2 protein chains.
Amino acid sequence: MRREDLTIREERILSAIIETYVRSARPVSSGAVVRCGSLKLSSATVRNVMRSLEDRGLIEQPHTSAGRIPADHGYRYYVDRLMGPAIVSNSDRAQIRAGISVLGGRDIATIVTEVSRMLSELCKQLAVGLEPAVESGVMERVELVHLEEGRCLVVVGLRSGQTRSALFKCGESVSESDVAAATGLLNDWLDGLSIGEASQLLKRKLKEKDCPFRDLIWSMHGRWDRIFHLHDSERVHYEGARYILRNPEFAGDASLLGEILDSEEALADLVRKPGSREVVVTIGHENHRRKMAGVSLVVGSYRVGETVGRIGVIGPTRMQYRRLVGVVDQFSRLLDDLFSSSHWQEGR
Amino acid sequence: MRREDLTIREERILSAIIETYVRSARPVSSGAVVRCGSLKLSSATVRNVMRSLEDRGLIEQPHTSAGRIPADHGYRYYVDRLMGPAIVSNSDRAQIRAGISVLGGRDIATIVTEVSRMLSELCKQLAVGLEPAVESGVMERVELVHLEEGRCLVVVGLRSGQTRSALFKCGESVSESDVAAATGLLNDWLDGLSIGEASQLLKRKLKEKDCPFRDLIWSMHGRWDRIFHLHDSERVHYEGARYILRNPEFAGDASLLGEILDSEEALADLVRKPGSREVVVTIGHENHRRKMAGVSLVVGSYRVGETVGRIGVIGPTRMQYRRLVGVVDQFSRLLDDLFSSSHWQEGR
DNA sequence: GTTAGCACTCTAGCGCGTCGACTGCTAATA
DNA sequence: TATTAGCAGTCGACGCGCTAGAGTGCTAAC
């Protein structure tokens, strides 16, 4: 029996405390646990157990003569071992299916935005969606287009269906046929590479003495990293600031949340976790960022071809983990299905 | 003398009240106005004047025996007639210049994001940036690219330097030379039109009996409105949620701000005002949206070719209008310069 | 027209006592 | 030995009254 293992009774009481606290947002007393019904114990016994849970850091007491509230460790124990399989209610499931089903054929940005919105509505939490990072996407086609006045358009299409484009200056001397030939060459070089690999390869080619179309490719490569810069590469969508601001735990200092909401990069950073197929829950202090105490994340991932995107919710540690994990998981799965379906493939 | 005209003395006192209140965030007493120094009056006289200002709805009293706070009308009078020309301090001006100068050659999305960030930092307010609406942009070039498996890429370059692209399905029967010919045709048709006009024209052409490449153009046109849908058409960037959440006036119900922060469309809607060359100030209830009481906007515009984008700040009505109008104006002008400069034109 | 003076009003803050919720301990109990 | 009833003790929430102080509105004098 590991040090942190709890007896059945302790587990039951911890569950009761957490579930009651999530509902009420107020410290849970021994009496309240008894009134939960599932245990046939007196409040005195429950108190003894609570004291032991407190000694182990699973719950804490705001002050003497108050009830207990779950500590981050307590939530962690609950999520890992007590809450049981994340079950999605029929109503939730139906809503998710219906919402996803109307998105067939839309582009990724729209899908991610809409899914964030739905996730936020359904969970009543701040929801975040990350498009798949373009950097890791695999190139399907690159095209240069010759314009007037020595300018050129570069367009990159990825297997995921995402496309990016930008203008660059190539000098008056470049002819239309040069551009066409360079396009052919680039496609030979870059097909099947990721954006990052492509950039590396271009750099190498440019160093070679006999690099063909050096000036043209040089100019284009100068744009490359900017086109695929994070800002445009891994777009962040979020919805539902109103929900997180509504929580009583943030009533005092909403400025903390300001920091979270503020920067798309910070948000992306939070949600971009070491990849895992499963939904990942991060509770309070487990976020190493400062000032993220009191905030939990539930993050899932979805695949689009070779690339991975993420969706998740952000809320107070006092959140309905079981339901949220279920909903996020369901969304992730359906997005996976959507992006691998023939409907999506063909609709593009 | 118009009904709402004030005497010099009344104006001085109104100014003193507003400026003191903006600094202190607390009701301003008659004594505080006297202590401001610029008037040689007793507090009793000031009290008489304040009562008359209150009768006209320019200031209000939270409760008897409290000082006065400016009403929306008072701010309006101040902004229109009292605060004087918006003057930008040398330090602000230098920072703005420096910030803008490093943006030469970047793409519009990056520029707008960075400017929002700078504006937010400088003003310590929530800042919003809108890219120019792509819809009203003028087409410079449209290009179709033939891909494998009956798919096609459409790329549109605008005179503003913005580009958009998307994949669509065109059917296996379309040949590479068809695509090239169709590209030429499209450029003939669409050159110099706005995106909106182009969509109309394509619709007309498709109705004609002898429309060439009907299937191809039909498929492409099916994508058209989605590519240029608001979501991608008039991107919104914002920065500085932390600042607006920090204001004491929103300490209680931040959920109101949640509604503002929440939806990019709502933000865009706020900032997208009837066009004007000048910086536009919108105070509290002048926003017709409900629940926008207590919130003011300072919005400027900048041109990129034929299209117009906007930048602005959003904060409590208790804001430093003079300085903010100056800073927003300065940014607008420098953006205008940036986008019309040969440096920008050529750098693209 | 302006001001000094004064009575009045209202808030913020403090101290106090009470109530009620909850705990921790102890001794009785099954 | 595990559980429980009972009880004393602790602490926050609430309401009350009081006071200090800030600020007003009015009036009479200048």
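Letters A, B, ... are given to chains in the order of the sequence lines, protein chains preceding strands, and every chain is numbered from 1. Everything quoted here is computed from the prediction, not taken from an experiment. Quick note: numbers below take in every heavy atom, side chains included, and nothing from hydrogens, waters or symmetry partners.
- Between A/Y321 and A/Y75, a ring centre-to-centre spacing shorter than 6.0 Å is recorded.
- Residue pairs that meet the side-chain hydrogen bond (donor to acceptor under 3.5 Å, both in side chains) test with at least one member in residues 65-74 of chain A, sequence neighbours left out, are A/E54-A/R68, A/D72-A/H285.
- Closest to the B/S42 side chain, of the nucleotides D/dG6, D/dT24, C/dA4, is C/dA4.
- The phosphate of D/dT4 (OP1 or OP2) has a side-chain N or O of A/T45 nearer than 4.0 angstrom.
- The nucleotide whose nearest atom lies closest to any side-chain atom of A/R51 is, among D/dT3, C/dC25, C/dT3, C/dC25.
- Of the candidates C/dG5, C/dT23, D/dT3, the closest approach to any side-chain atom of A/R9 belongs to D/dT3.
- When each of A/N48 and B/T64 is assigned the nucleotide of DNA chain C with its nearest heavy atom, B/T64 is the one assigned upstream, toward the 5' end.
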Please tabulate the protein-to-nucleotide N/O contacts below 3.5 Å involving nucleotides 15-22 of chain D, giving atom names and distances.
none

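- Considering only side-chain atoms of A/R68, the nucleotide from C/dC22, C/dT23, C/dC10 that sits closest is C/dT23.
- Regarding contacts with the backbone of D/dT24, a side-chain N or O of B/S30 is found under 4.0 angstrom from either OP1 or OP2.
- Here the side chain of B/H63 is nearest to one of D/dC11, D/dT3, C/dT11, namely C/dT11.
- Nearest to the side chain of A/R47, among C/dT9, C/dT3, C/dT23, sits C/dT23.
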